[in-house]
Amino acid sequence: KKYRLPNWVAWLLTRERTRGTEKRADNFQPDASVKKGPVAQDADYRGSGYDRGHMCPAADCKHSRQAMNDCFLLTNICPQTHSLNAGDWKELETKTRQWAQRYDSVYVVCGPVIEKGHRYTTIGEGKVTVPERFFKVLLRFTAPGQAQAIGFLYDNEDKVNRPLADYAVTVDSVEAVTGINFFSKLDKRVERKAESQFDWKYWK
C-alpha cells in the first residue's frame with residue numbers, strides 16, 4: 001500500500017498453460033481485494049511516460065478468462081519504461097514460456113526492487129512509485145529432490161538492449177537486494193544448492 005505496487009507476484013507456468021486460447025483483456029482495473037488505504041488507478045499511468053508493465057504477463061494467462069482478468073489488476077502492474085517493457089523484459093517473458101514448454105513447468109516470482117529509505121519518483125495523483133529495478137527468479141525440478149534456479153535483475157531505464165545472459169544472477173543475489181526468501185518450502189539442502197548457483201547452459 002505504501003508504494004502502490006506488488007511486493008511480488010508468483011505463479012506456476014506449465015507447458016499446457018502456454019497453449020491457452022483466451023484473448024488479451026486490456027482492461028486495467030484497481031484490485032478490489034485491497035480493502036483499506038490507497039490503491040493504484042489506471043489514471044495514474046495515463047500521460048506518465050511509463051508503460052503499465054505486467055509482472056505476470058498476459059501471455060502466461062491465456063489458459064482461463066479468470067487468469068487473464070486477474071493479470072490486468074493493477075496489483076500486477078508496475079511503471080516500466082517502454083524500452084524495458086517492450087524490449088529486454090519482454091524477451092525474458094518469451095524465454096520463460098519457452099522454458100516452460102521445454103521443461104514442462106517453471107515456478108516464477110517477479111516484482112519491483114524497493115529499497116527502504118530510498119526516495120523514488122512517483123506518477124499520478126495516487127503517487128504510484130516508479131521502481132528503479134525489477135527482479136525475476138525461476139525454479140524448475142529436474143528430478144525428485146533436485147532443482148535448478150536462476151535469477152534476473154533489470155534496471156528500469158531507457159534504450160536497453162542487452163543479451164539475456166547479461167541479466168542473469170543467482171537467486172541468492174536477488175534475495176540479497178530484495179530481502180525476500182524465495183522457495184523457502186524446499187528442503188534446505190536443495191534450496192541452498194539451487195539458489196547459490198546457476199548453470200546457464202540449461203537456461204540459454
Side-chain angles (χ1 to χ4, degrees), residues 1-3 5-18 31 33-34 53-57 59-61 63-64 67 70-71 73 75-78 80 88-89 91-118 120 129 131-156 162-204:
K1 294 178 182 179
K2 179 178 180 180
Y3 300 103
L5 300 173
N7 294 318
W8 47 264
V9 178
W11 64 104
L12 172 64
L13 185 60
T14 66
R15 181 183 295 127
E16 182 181 3
R17 289 181 175 183
T18 66
D31 192 335
S33 70
V34 182
H54 284 79
M55 297 297 95
C56 179
D60 287 14
C61 298
H63 55 284
S64 79
D70 286 350
C71 87
L73 295 175
T75 44
N76 183 48
I77 305 298
C78 294
Q80 286 185 325
D88 289 5
W89 186 256
E91 180 183 352
L92 176 57
E93 292 174 337
T94 300
K95 196 67 177 178
T96 300
R97 287 188 289 276
Q98 293 173 357
W99 289 324
Q101 291 163 2
R102 182 192 305 171
Y103 297 128
D104 186 60
S105 63
V106 180
Y107 290 88
V108 189
V109 190
C110 77
V113 176
I114 296 295
E115 300 177 58
K116 292 181 179 179
H118 186 77
Y120 289 94
T129 298
E132 294 178 355
R133 285 195 291 174
F134 293 94
F135 72 86
K136 182 170 282 189
V137 295
L138 307 171
L139 174 79
R140 74 181 188 92
F141 290 102
T142 57
Q146 297 181 40
Q148 290 182 343
I150 191 169
F152 297 88
L153 288 169
Y154 287 75
D155 290 331
N156 193 18
R162 296 204 296 272
L164 188 60
D166 284 6
Y167 299 102
V169 297
T170 64
V171 173
D172 279 346
S173 297
V174 181
E175 289 184 335
V177 299
T178 62
I180 301 172
N181 182 13
F182 300 104
F183 312 129
S184 59
K185 298 298 184 181
L186 287 174
D187 174 86
K188 293 307 176 186
R189 179 188 60 81
V190 175
E191 181 186 3
R192 281 194 297 270
K193 184 177 180 180
E195 294 184 354
S196 64
Q197 59 191 352
F198 68 88
D199 192 334
W200 182 243
K201 71 181 180 184
Y202 294 109
W203 300 99
K204 63 183 179 180

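Treat the numbers as computed from the prediction; the structure is a model and nothing was measured.
The pair Arg97-Asp60 meets the salt-bridge criterion, with a side-chain N (NZ, NE, NH1 or NH2) lying under 4.0 Å from an Asp/Glu carboxylate O.
Interatomic distance, NE2 of His63 versus OG1 of Thr14, reported as 7.5 Å (0.5 Å rounding). Atoms CZ and CG, from Arg133 and Asn156 in turn, are 11.5 Å apart once rounded to the nearest 0.5 Å. Remark: Ser64 OG to Arg17 CZ distance equals 7.5 Å, nearest 0.5 Å. Note: Leu138 CG to Phe183 CZ = 7.0 Å, rounded to the nearest 0.5 Å. Atom NE2 in His54 sits 11.0 Å away from atom SG in Cys110 (nearest 0.5 Å). How far OH of Tyr3 is from OH of Tyr120: 7.0 Å, rounded to the nearest 0.5 Å.
Annotation: Phe134 is in aromatic contact with Trp89 [ring centroid separation under 6.0 Å].
Across Ala147 and Val190, no two heavy atoms sit closer than the pair CB-CG1, 3.9 Å. Phe135 and Thr178 make their closest contact through CD2-CG2, 3.7 Å (heavy atoms, listed as atom of the first residue, atom of the second, distance). For the pair Glu191 and Lys188, the tightest heavy-atom approach, listed with the atom from each and the gap, is OE1-NZ, 3.2 Å. Considering all non-hydrogen atoms of both residues, Cys78 and Leu5 come closest at SG-CD2, 3.9 Å. In plain terms, the two heavy atoms of Ala168 and Ile150 that are nearest each other are CB-CD1, 4.0 Å. Between Asp70 and Asn76, the shortest heavy-atom distance links the atoms O-CB, 4.4 Å.
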Going through the checks in order, is the side chain to side chain contact (heavy atoms under 4.5 Å, CB included) test met by Phe198 and Asp172?
-> CA-CA 10 Å; Phe198 68 88; Asp172 279 346; over 6 Å; no
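At least one side-chain heavy atom of Trp8 sits less than 4.5 Å from a side-chain heavy atom of Ile180. Between Asn181 and Glu175, some side-chain heavy-atom pair lies under the 4.5 Å cut-off. Within the 4.5 Å cutoff, side-chain heavy atoms of Gln80 are placed close to those of Met55.
Side-chain contact check for His118 and Glu132: at least one donor-acceptor pair (N or O, by modelled atom type) lies under 3.5 Å. Checking Asp88 against Tyr154 by side-chain atom types alone, no donor-acceptor pair falls below 3.5 Å.
More than 12 heavy atoms of other residues, nucleotides or ligands sit less than 6.0 Å from atom OH of Tyr103. Shown here is Lys95, whose NZ atom has more than 12 heavy atoms of other residues, nucleotides or ligands within 6.0 Å. Within 6.0 Å of the CD atom in Gln98, the count of heavy atoms belonging to other residues, nucleotides or ligands exceeds 12. Taking a 6.0 Å sphere around NZ of Lys1, one finds it holds more than 12 heavy atoms contributed by other residues, nucleotides or ligands.
When each of Tyr107, Trp99, Trp203 is tested with Arg140 by the rule side-chain contact (heavy atoms from CB on, under 4.5 Å), just one qualifies, namely Trp203.
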